[in-house]
Protein chains: 2
Amino acid sequence: MLKLSRKTEYALMALRHLSGKSAGELTSSKEIAGTYRIPGELLAKTLQQLAREGIVETVQGPHGGYRLKANLNLINLSDFIELLEGPVALTDCSIDNNCSQIMTCTIRTPIHRINEKMKEIFSNTTLAEVMQ
Amino acid sequence: MLKLSRKTEYALMALRHLSGKSAGELTSSKEIAGTYRIPGELLAKTLQQLAREGIVETVQGPHGGYRLKANLNLINLSDFIELLEGPVALTDCSIDNNCSQIMTCTIRTPIHRINEKMKEIFSNTTLAEVMQ
DNA sequence: GTTTAATCCGACTAAAGAAGTCGTATTAAT
DNA sequence: ATTAATACGACTTCTTTAGTCGGATTAAAC
Ligand code: FES
Ligand code: FES
């Protein structure tokens, strides 16, 4: 139904929170979850994923937490979404060819065209812009 | 995950099939389902919905079936998708305000901006173009 | 007027995906 | 040693989507 997953939403909110902090400052996932009433465990896992991808940095142990690592001006929304929820594809066949309709489908090419335009919007939007 | 539902896919394929027929000619839902290996009952229900919306016309009884009614140049993809699967909204709050995060959310406005661009793409595409 | 081949439509079930929870391990400051 | 944080996989629950079924209606053909 063309909706972003909550995971993506939470990730964006977390990044915005982090980008409001002074450089190097650490924030616990608990603080963020508490502020926005987000399920803590879920946010934690999401932040861990962002850490693996080099978007945030983590410090373990008491007083540990997360802080921004990547430059949000250099990450586009398309890559970010694909990171968290897989390929941006209106249909299965938009990316790979695992679509069950592939042999008989008559709308593949036009849908693909629209898909490209959609991806373009996301590609042309940086995470920094989403934080504004 | 930003994917169209199968219902929408099937509906588009059916419309394309119908638009290949000569004006006034009837096609049974069974013929279409058979051609593209689509579950018959599901396609039938979808066509019935399109009929209620005035996009196709139906004739009951033996030798009955469906034929195009609306001009596909005059229907945009945005309306079509919304007809079949509800509002095009990246988040719950993009349309109504039923989002659970509404009080604390910090990314509402930027997401809304992107949502508008996305809808614009769909609005600027007619069904006729998708049939090409 | 009976049979038949189609649409009609709601209710149901099954499958898939998303969201959230839990348990346990690791890390490092105090 | 204790504590407060991250790390991470497995699990459960919830929601949505996909598909099926049963029975009604319609109208052509015989
Ligand atoms: S929808 Fe996948 S081939 Fe057309
Ligand atoms: S996602 Fe709904 S208010 Fe932000």
Side-chain angles (χ1 to χ4, degrees), chain A residues 1-11 13-14 18 25-34 36-67 69 81 84-87 89-92 98-101, chain B residues 1-11 13-14 18 25-34 36-67 69 81 84-87 89-92 98-101:
Chain A
M1 207 246 239
L2 301 173
K3 224 160 62 175
L4 294 175
S5 71
R6 289 229 197 275
K7 209 166 105 180
T8 305
E9 250 179 82
Y10 296 161
M13 289 167 73
L18 291 179
E25 189 181 351
L26 289 168
T27 309
S28 74
S29 100
K30 206 177 155 190
E31 171 183 325
I32 302 176
Y36 307 111
R37 308 281 164 76
I38 294 173
E41 302 281 348
L42 185 50
L43 177 65
K45 275 203 313 193
T46 305
L47 283 166
Q48 284 155 28
Q49 193 176 348
L50 295 182
R52 279 193 297 272
E53 304 290 345
I55 296 177
V56 300
E57 208 165 26
T58 88
V59 172
Q60 286 196 331
H63 304 309
Y66 301 87
R67 69 183 152 221
K69 182 179 181 191
I81 292 173
L84 291 168
E85 42 186 297
L90 285 175
T91 55
D92 295 325
N98 289 14
C99 184
S100 55
Q101 248 72 41
Chain B
M1 207 245 239
L2 301 172
K3 225 159 61 176
L4 294 176
S5 72
R6 289 230 198 275
K7 208 166 105 179
T8 306
E9 249 179 83
Y10 296 160
M13 290 167 72
L18 292 178
E25 189 180 351
L26 288 169
T27 309
S28 73
S29 100
K30 207 177 154 188
E31 170 182 326
I32 302 177
Y36 307 110
R37 308 280 165 77
I38 293 173
E41 303 280 349
L42 185 51
L43 177 64
K45 274 203 313 193
T46 306
L47 285 166
Q48 284 155 29
Q49 192 177 348
L50 295 181
R52 280 193 296 272
E53 304 290 347
I55 296 176
V56 300
E57 208 166 25
T58 89
V59 172
Q60 286 195 330
H63 304 309
Y66 301 88
R67 68 183 153 222
K69 183 178 181 191
I81 292 174
L84 290 169
E85 41 186 298
L90 285 175
T91 54
D92 295 326
N98 289 14
C99 184
S100 55
Q101 249 72 42

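Throughout, a chain's letter reflects where its sequence line sits, starting with A, and its residues are numbered from 1. Quick caveat, the model's predicted, so the values are computed rather than measured.
Of all the heavy atoms in Ala89(B) and Lys3(A), the pair that sits closest is O-CG, 3.1 Å. Contact between Tyr36(B) and Gln101(A) at its shortest, heavy atoms only, is O-NE2, 3.6 Å.
Atom-to-atom, NZ of Lys3(B) to C1' of dA18(D) comes out at 12 Å; the value is rounded to the nearest Å. Here the C1' atom of nucleotide dA18(D) and the CG atom of Leu84(B) are 14 Å apart, to the nearest Å. As rounded to whole Å, 13 Å separates atom P of dT17(D) from atom CZ of Arg6(B). Computed from coordinates, the Leu2(A) CG to dT16(D) P distance equals 15 Å when rounded to whole Å.
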Extract all donor-acceptor atom pairs below 3.5 Å that involve side chains of residues 43-57 of chain B and protein atoms in other chains or at least two apart in sequence.
residue	atom	partner	partner atom	Å
Thr46(B)	OG1	Leu42(B)	O	2.8
Gln49(B)	OE1	Lys7(B)	NZ	3.1
Gln49(B)	NE2	Leu83(B)	O	3.3
Glu57(B)	OE1	Arg67(B)	NE	3.2

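Looking at residues two or more places apart in sequence or on another chain, you find a side chain to side chain donor-acceptor pair (under 3.5 Å) between Glu25(B) and Ser22(B). In this structure Thr58(B) satisfies the side chain to side chain donor-acceptor pair (under 3.5 Å) test with no other residue, sequence neighbours excluded.
Here the straight-line distance linking atom CD of Glu31(A) with atom CG of Leu26(A) works out to 10.5 Å at 0.5 Å rounding. Residue Leu90(A) holds its CG atom at 11.0 Å from OG of Ser5(B), rounded to the nearest 0.5 Å. The distance from the CG atom of Leu4(B) to the CG atom of Leu84(B) is 10.0 Å, given to the nearest 0.5 Å. Rounding to the nearest 0.5 Å places CD1 of Ile32(B) at 10.0 Å from CE of Met13(B).
Two residues are said to be in side-chain contact when any heavy atoms from C-beta on lie closer than 4.5 Å; Tyr10(B) and Ile38(B) meet this criterion. Side-chain contact between Thr91(B) and Glu9(A) is present, with at least one heavy-atom pair separated by less than 4.5 Å.
Between chain B and DNA chain C, the heavy-atom contact criterion of under 4.0 Å yields a 5' to 3' nucleotide range of dT4(C) to dA18(C).
Across residues 26-34 of chain B, not one residue has a non-hydrogen atom less than 4.0 Å from an atom of DNA chain D. The stretch residues 36-55 of chain B touches DNA chain C through Lys45(B), Gln48(B), Arg52(B), each having a heavy atom under 4.0 angstrom from the strand.
For Tyr66(A), no side-chain nitrogen or oxygen approaches OP1 or OP2 of dA5(D) to under 4.0 Å.
For the pair Pro62(A) and Thr58(A), nearest-nucleotide mapping onto DNA chain D gives the more 5' position to Pro62(A).
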